[in-house]
Amino acid sequence: MTNLEIAWALAEMGDLLELKGEEPFKVRAYHRAARALENLEEEAASLLARDALEEIPGVGKNLAKKIAELLTTGRSTFLENLRREVPPGLREMLAIPGLGSRSVRQIYQGLGITTLEELEKAAREKRIRTLPGLGSKTELAILKGIEMLRETKEQVPLGIARPLALIFQSQLLNIPGVEQAAVAGSVRRGCEMVGDIDLVTAVRPGHQVAEVMSRCPQVKEVLAREPDRLSFRTVLGVKVEIIMVPPEEFTAAVFYATGSKAHRQALLRLALSRGLRAADIGLVTSRWLAEEEALCKATISTEDNEKEIGQNKGIEAVAGDKEGEEAVFYHRLGLPYIVPELREDRGEIEAALKGDLPRLITLEDIRGDLHMHSRYSDGVETIAAMAAAARRRGYRYIAVTDHSRSLVVARGLSVEQIKAQREEIARLNEELEDITILAGIEVDILADGTLDYEDEILKEFDLVIASIHSGFRQEEGQIMARLEAALRHPYVDILGHPTGRMLGRRRPYAVDVTRIIELAAETGTILEINASTDRLDLNDTAVRMAKEYGVSIAINTDAHDPGHLADMEYGVLTARRGWLEPENVVNTWELERLLARLKRNRQMKR
DNA sequence: GCCGTTTTCGGCCCGACTGTTTTCAGTCG
């Protein structure tokens, strides 16, 4: 069992204990341990092998025993008992903003409600307000919350789907008769929310894919089992689809399954307009041929494409992007390879025809991470440990940006602590030769639009990120006034997680993204792609708009422990989906250039 | 449930906001 799966099990235990009414500190212990497992660099299995599970921070005797059981048997009697005691629907209700465990328990005990459907019905029938302590506003919050959950129903954030997909891929590769296995679909394209995990396998006759995979512990129910296709739902509720093809069809099937459908059909239209069939360019799967037939029958306009073809320049492969075997399909159409992140029919084929595809940023271009937390506020590690982890990733610089004083939950820094931290950073910078630590801050944009420290304090930081952490429910006018004040502030270098959304959990605050981008362009303020898998904020489309406005972007992980530095990958995926090139991203620059830019911008704003 | 020059029990992140209420509990960040 992987660390991630153990983490999910612990988090579920924590939620179920909370719903049972266990004391908050016990509940928190489970969630803290879950987080620790999620970000552990060593596999828990190897820790168990040397009897060292208790070395994990937040794991004591009790949790070590539960983790050991998960590792050795793949199950947990404790968790199974909890699941019997607490109806599973209650856990879904916890996801509704405004409903905590106390209210959920109240609703369960008072009205016998165990599912979201029953809850919605009760709210509509105004029965929630009959319970003590709950009223009409809560009913409204319930209905709004359920609506939000519906929107992302059966979808999970990429940060969950991608690791899961990679687990399935490696399991497939261990099955006799499987020659190749690849992740396709929206996971491969790097979409922020994923409905289905698509995998493609190249198999020989007599393979055991369906037999083995349907017995995986992650599988909750098998949805379809056909000769060339297996579909199941996992215990997390995610749908998985595995396509099985003969080895010679593998590449075409991967290409097909990667999508998007819109991109695929745009390519087919282009081929058809040139008198080519899908089979002529090597796309031999039966599904492609069926799709082509449908397209041929439909009356389609190919005029736009004809025009583009006239302008088709000599096309070379895009440097820097790894080309797989799929490239041949594009080459046969006279196009350069188009990477999965761009396959959305958002102009990528037109750009390819003109030879105008971006030279997309890659993870290797990243030279530093400008947003992270240390033990001074709510991070779990020392500055030295964070710097060491950044060095292992090959970074040349980082910025330590702990929270400001008003964010008490996160132990925001007092003016005295700022001073102490700055001295520690100065000391570390003398010791460390190959990495530079910038003394930064993530300063709160307070509810009235002022920043959490006076200018005299802010101007001493090497880097200032301004973020909203309070007053989420203000009207758009108020929110935008706060953001505008921050963007125009002479010492604000970066706007952190600009919309405040949490994937699948919290909508953005009332924000006009276009206006933020305009203001960033006007003031030279850098906008963040917060790479945390909970956020991905800005998202891909906003990022692309920012690029068009000439706004610079910083891709930051907002790491609270060393493991989270790895989220950079997700930020880069989002940047690639937003067509960003290394030049657009300030943390691909050399440190000197970055610092000069910050300095120039502060002068310009004053 | 974890943890420890505040150490084997008693803390553990705490203040603001909101909704439900007439003085506070629940939720959130």
Side-chain angles (χ1 to χ4, degrees), chain A residues 9-11 13-37 53-68 76 78-79 82 93-107 110 123 126 128-145 373 375-380 402-414 417 442-448 452 467-475 478 496-497 500-502 505-509 530 532 534-535 537 558 560:
Chain A
L10 291 173
M13 291 178 203
D15 280 350
L16 297 179
L17 286 168
E18 185 179 356
L19 286 164
K20 270 184 69 181
E22 275 287 356
E23 55 160 321
F25 291 111
K26 189 181 194 173
V27 171
R28 192 187 300 164
Y30 279 83
H31 285 294
R32 200 173 49 218
R35 238 182 75 166
L37 259 297
L53 283 175
E54 288 183 50
E55 282 176 16
I56 305 169
V59 173
K61 268 201 167 49
N62 231 304
L63 286 175
K65 245 172 83 179
K66 292 189 172 88
I67 294 170
S76 162
F78 181 70
L79 180 56
L82 278 174
M93 294 181 203
L94 272 187
I96 297 171
L99 275 197
S101 59
R102 195 69 183 261
S103 304
V104 171
R105 212 163 42 247
Q106 176 96 268
I107 289 166
K126 306 188 195 309
I128 302 297
R129 64 183 70 177
T130 63
L131 297 167
L134 300 177
S136 59
K137 289 272 178 72
T138 307
E139 278 173 351
L140 211 66
I142 287 172
L143 292 174
K144 269 181 72 179
H373 299 270
R375 270 187 206 169
Y376 277 84
S377 67
D378 60 348
V380 301
D402 277 309
H403 288 290
S404 61
R405 60 188 166 195
S406 286
L407 205 61
V408 185
V409 248
R411 298 192 298 274
L413 270 55
S414 67
Q417 286 171 309
E442 182 181 15
V443 64
D444 261 48
I445 304 168
L446 301 176
D448 63 0
D452 203 8
S467 307
I468 284 186
H469 292 115
S470 61
F472 289 87
R473 296 188 216 185
Q474 290 175 347
E475 304 278 316
Q478 241 176 322
H497 44 74
R501 71 160 179 182
M502 301 286 254
R505 277 193 290 159
R506 192 174 74 200
R507 291 212 171 95
Y509 31 70
N530 191 294
S532 161
D534 290 331
R535 295 187 183 271
D537 180 13
D558 199 354
H560 286 67

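Chain identifiers are assigned alphabetically (A, B, ...) following the order of the sequence lines, protein sequences preceding nucleic acid strands; residue numbering begins at 1 within each chain.
- No more than 12 heavy atoms of other residues, nucleotides or ligands lie within 6.0 Å of CZ in Arg102(A), so this atom counts as exposed by the packing criterion.
- Backbone-only contact: Val59(A) has heavy atoms under 4.0 Å from sugar-phosphate atoms and none from a base.
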In the 5'-to-3' direction, what one-character label does each nucleotide of nucleotides 19-29 of chain B receive under the scheme B = base within less than 4.0 Å of a protein heavy atom, S = sugar-phosphate only, - = no such atom? SSS----SSSB

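- Separating the CG atom of Asp378(A) from the C1' atom of dC14(B) is a distance of 13 Å, rounded to the nearest angstrom.
- Between Leu17(A) and Tyr30(A), the shortest heavy-atom contact is CD1-CE1, 3.2 Å.
- Interatomic distance, CG of Leu53(A) versus CG of Leu63(A), reported as 10.0 Å (0.5 Å rounding).
- Evaluation of the ring pair (Phe, Tyr, Trp, His ring centres under 6.0 Å) rule for His403(A) yields His373(A), His469(A) as partners, not counting sequence neighbours.
- Asn530(A) and Asp558(A) share a side-chain donor-acceptor pair at under 3.5 Å.
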List every contact pair, protein side and nucleotides 8-12 of chain B side both N or O, where the distance is under 3.5 Å.
none

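- The nearest whole Å value for the distance from the OH atom in Tyr376(A) to the P atom in dC13(B) is 18 Å.
- Taking the P atoms as reference points, dT21(B) lies 12 Å from dG26(B), given to the whole Å.
- One interatomic measurement links the two molecules: CG of Leu446(A) to P of dC17(B), which rounds to 11 Å at whole-angstrom precision.
- Only the C1' atoms considered, dT20(B) is 38 Å distant from dC3(B), to the nearest whole Å.
- Residue Ile67(A) contributes atom CD1, which lies 12 Å from atom C1' of dC2(B) at whole-angstrom precision.
- Remark: Lys20(A) engages Glu85(A) in a salt bridge (charged side-chain N to carboxylate O under 4.0 Å, His left out) (not counting sequence neighbours).
- When the C1' atom is compared between dT23(B) and dT18(B), the two are found 14 Å apart, to the nearest whole Å.
- dT6(B) sits 27 Å from dG1(B) when the P atoms are compared, rounded to a whole Å.
- With rounding to whole Å, Gln474(A) atom CD is found 12 Å from dC17(B) atom C1'.
- Residue Phe472(A) comes nearest to Arg506(A) through the heavy atom pair CE2-NH2, 3.3 Å, listed as atom of the first residue, atom of the second, then distance.
- The same atom, P, is picked in dG29(B) and in dG10(B); the two are 34 Å apart, to the nearest Å.
- The distance from atom CG of Leu140(A) to atom C1' of dT18(B) is 14 Å, rounded to the nearest whole Å.
- Annotation: dC12(B) and dC17(B) have their C1' atoms spaced 24 Å apart (nearest Å).
- The CG atom of Asp452(A) sits 13 Å away from the C1' atom of dG15(B) (whole-angstrom rounding).
- Spacing of C1' atoms, dC2(B) relative to dT8(B), comes out at 12 Å, to the nearest Å.
- Scored by the side-chain contact (heavy atoms from CB on, under 4.5 Å) test, Ala29(A) finds Arg32(A) as partners (sequence neighbours excluded).
- Across all strands shown, dG11(B) forms a Watson-Crick or G-U wobble pair, both distances under 3.5 Å, with dC2(B).
- Lys65(A) comes within contact range of no nucleotide atom at all, as no heavy-atom separation falls under 4.0 Å.
- Comparing the P positions of dC28(B) and dT22(B) gives an interatomic distance of 22 Å, to the nearest angstrom.
- Between Leu413(A) atom CG and Asp452(A) atom CG the span is 10.5 Å, to the nearest 0.5 Å.
- Rounded to an integer number of Å, the gap from CD of Glu54(A) to P of dG1(B) is 13 Å.
- The stretch residues 136-145 of chain A participates, sequence neighbours left out, in these salt bridge (Lys or Arg N to Asp or Glu O under 4.0 Å) pairs: Arg129(A)-Glu139(A).
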